[in-house]
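Not measured: the values here are computed from a predicted model. Residue numbers start from 1 in every chain, and the chains themselves are labelled A, B, ... in the order their sequence lines are given, proteins ahead of strands.
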Amino acid sequence: MLRLPVEVYTAVVGHCLGGLPDEACGLLGGDPAGTEVAICYPTRNAAASARTYTVDPQDHLRADRDAESRGLEIVGVFHSHTHTDPYPSATDVAQAPDPTWHYVIVSLRDESPTLRSYRIVDGKIDEEQVGREDR
Amino acid sequence: MVGKTVRITSDQVNISLEGSVPVEVRLPTVLRQHASGRSSVSASGSTVGEVLQDLVQTFPSMAGQVVTPDGTLHKFVNVYRNDDDVRYLERLDTKVSDTDVITILPAVAGGTGPARR
C-alpha cells in the first residue's frame, strides 16, 4: 500500500507531463516505517531520453539531504512511460536499486495519465495498491 | 629476516600514513544491512578510493557493491565528496580531508528502453 496525498500525486503527474517528450523522473520522501509519501522531489532526467531515465545525481543528493533534514528518507522513485503501460520494464527491474523502495510509474500513453506503484525485490514485481488522499 | 630486529623510524611511519584521515561515510539504506543498520560510519584514507577500501575491510560483505573487482567505481552507485560527484572530480583518486563527508547513493535509472549505462 502506498498512500499519496493529493498534492504529491499532482506534483508527480505534473512533473511527468512537463517532461514530455522525454521520460521524467523524481524521488519520493517519507517515513520508511510508514506507507505515506510526504514529499515529491522532481529531478532532472540526466539521460534526456524518451526511452530511459537516470535521476540526476546532484538532484538525488539534494533530495536525500532535504529528506534527512525533515526526519524523512527517500522511500521511492517515480518515472514516466511515455508510450507504454505503467508496468516495470526489464530495464526498470534490472536497475531497481533498493528492495525497500516504492517504484511508481506514470503512463502517459493515453489521454489521462495512469499511475501505478510496485515493489521490486530480487527481480520479482509486485503491484501495490495506491491510495490518493486528502491530508 | 628471522631473528633479526627491523627498526622502523618515525619518519618511515609518517610517510606510510601521510594524508590518511578518518572521514564520515554516509551509507544508503541498501548498504546499511552490512553495517549493523548504521546510516553513517567512519573510514580512513587519503583518497576516496582508500576510504572505500577501508570501508570494505571493516565491512567485508560490502565488497563488490561500491567498487568493482577491477578497482573502478561501480556503475550502480554515485559517490560524493561533500556536494560533488567524484566522477566529475578525480574519481577514486579524489583527495579527502578530515572535514569531508563521503556520501554513497544508489544510481537510480531505468525506463522503457535499453538503458545507456
Side-chain angles (χ1 to χ4, degrees), chain A residues 22-28 32 41 43 45-65 67-68 73-101 103-105 107-109 118 120, chain B residues 23-41 48 52 61-62 64-68 72-92 94 96 99-117:
Chain A
D22 289 343
E23 288 196 4
C25 55
L27 297 163
L28 304 170
Y41 295 105
T43 64
N45 176 4
S49 162
R51 296 190 62 82
T52 65
Y53 79 92
T54 299
V55 170
D56 182 272
Q58 289 302 129
D59 292 353
H60 189 168
L61 183 65
R62 273 193 286 272
D64 190 72
R65 287 183 176 169
E68 187 187 29
E73 287 187 8
I74 300 301
V75 296
V77 57
F78 69 90
H79 75 281
S80 59
H81 283 180
T82 57
H83 296 94
T84 58
D85 289 332
Y87 190 79
S89 67
T91 311
D92 292 331
V93 175
Q95 301 198 32
D98 191 322
T100 68
W101 278 14
Y103 293 88
V104 171
I105 301 176
S107 172
L108 303 176
R109 181 187 59 188
Y118 304 87
I120 302 175
Chain B
V23 297
E24 179 185 357
V25 181
R26 308 189 64 178
L27 302 172
T29 52
V30 73
L31 290 182
R32 291 176 195 169
Q33 61 183 302
H34 304 291
S36 306
R38 280 180 283 172
S39 60
S40 176
V41 298
V48 169
L52 296 179
S61 56
M62 285 189 200
Q65 302 206 42
V66 183
V67 177
T68 64
T72 58
L73 197 56
H74 203 299
K75 68 177 181 179
F76 292 132
V77 297
N78 294 319
V79 176
Y80 308 81
R81 184 189 67 185
N82 304 324
D83 293 341
D84 299 316
D85 185 338
V86 301
R87 285 193 174 89
Y88 298 101
L89 299 173
E90 294 175 74
R91 295 178 174 262
L92 293 177
T94 302
V96 297
T99 56
D100 289 333
V101 175
I102 304 300
T103 302
I104 304 171
L105 290 176
V108 185
T112 45
R116 292 173 180 171
R117 296 152 54 89

Check your understanding: Are any side-chain N or O atoms of Thr91(A) and backbone N or O atoms of Thr112(B), one a donor and one an acceptor, separated by less than 3.5 Å?
Key -> no

Check your understanding: Thr54(A) side chain to Ala109(B) main-chain N or O, any donor-acceptor pair under 3.5 Å?
Key -> no

Exercise for review: Considering non-hydrogen atoms only, spot the tightest contact between Pro97(A) and Pro106(B) and give its length.
Suggested key: CB-CB, 3.5 Å

Practice item. Specify the closest pair of heavy atoms between Leu61(A) and Asn82(B), including all atoms of both residues, with the distance to one decimal. Key: CD2-O, 3.7 Å

Exercise for review: Sort out for me which of His60(A), His83(A), Glu73(A), His79(A) touches chain B most, counting heavy-atom pairs under 4.5 Å.
Suggested key: His60(A)

Review point. In terms of heavy-atom pairs under 4.5 Å with chain B, which of Asp85(A), Val55(A), Thr100(A) leads?
Key: Val55(A)

Check your understanding: Are any of the side-chain heavy atoms of Asp64(A) and Tyr80(B) separated by less than 4.5 Å?
Key -> no

Revision key, fill the gap. When the 4.5 angstrom heavy-atom criterion is applied to Ala50(A) and chain B, the contacting part is backbone

Review point. Would you say Pro57(A) and Tyr88(B) make side-chain contact, with heavy atoms under 4.5 Å?
Key: no

Check your understanding: What part of Pro99(A) gets closer than 4.5 Å to chain B, counting heavy atoms only: side chain, backbone, both or neither?
Key -> side chain

Check your understanding: Can you check whether Arg65(A) reaches Asp83(B) side chain to side chain, under 4.5 Å on heavy atoms?
Key -> yes

Check your understanding: So what's closer than 4.5 Å to chain A heavy atoms on Thr29(B): side chain, backbone, both or neither?
Key -> both

**Study point:** Partners passing ring pair (Phe, Tyr, Trp, His ring centres under 6.0 Å) against Tyr87(A) (at least two apart in sequence or in another chain)
**Key:** Tyr118(A)

Practice item. Return yes when atom CZ of Arg91(B) has more than 12 non-hydrogen atoms of other residues, nucleotides or ligands closer than 6.0 Å, and no otherwise. Key: no

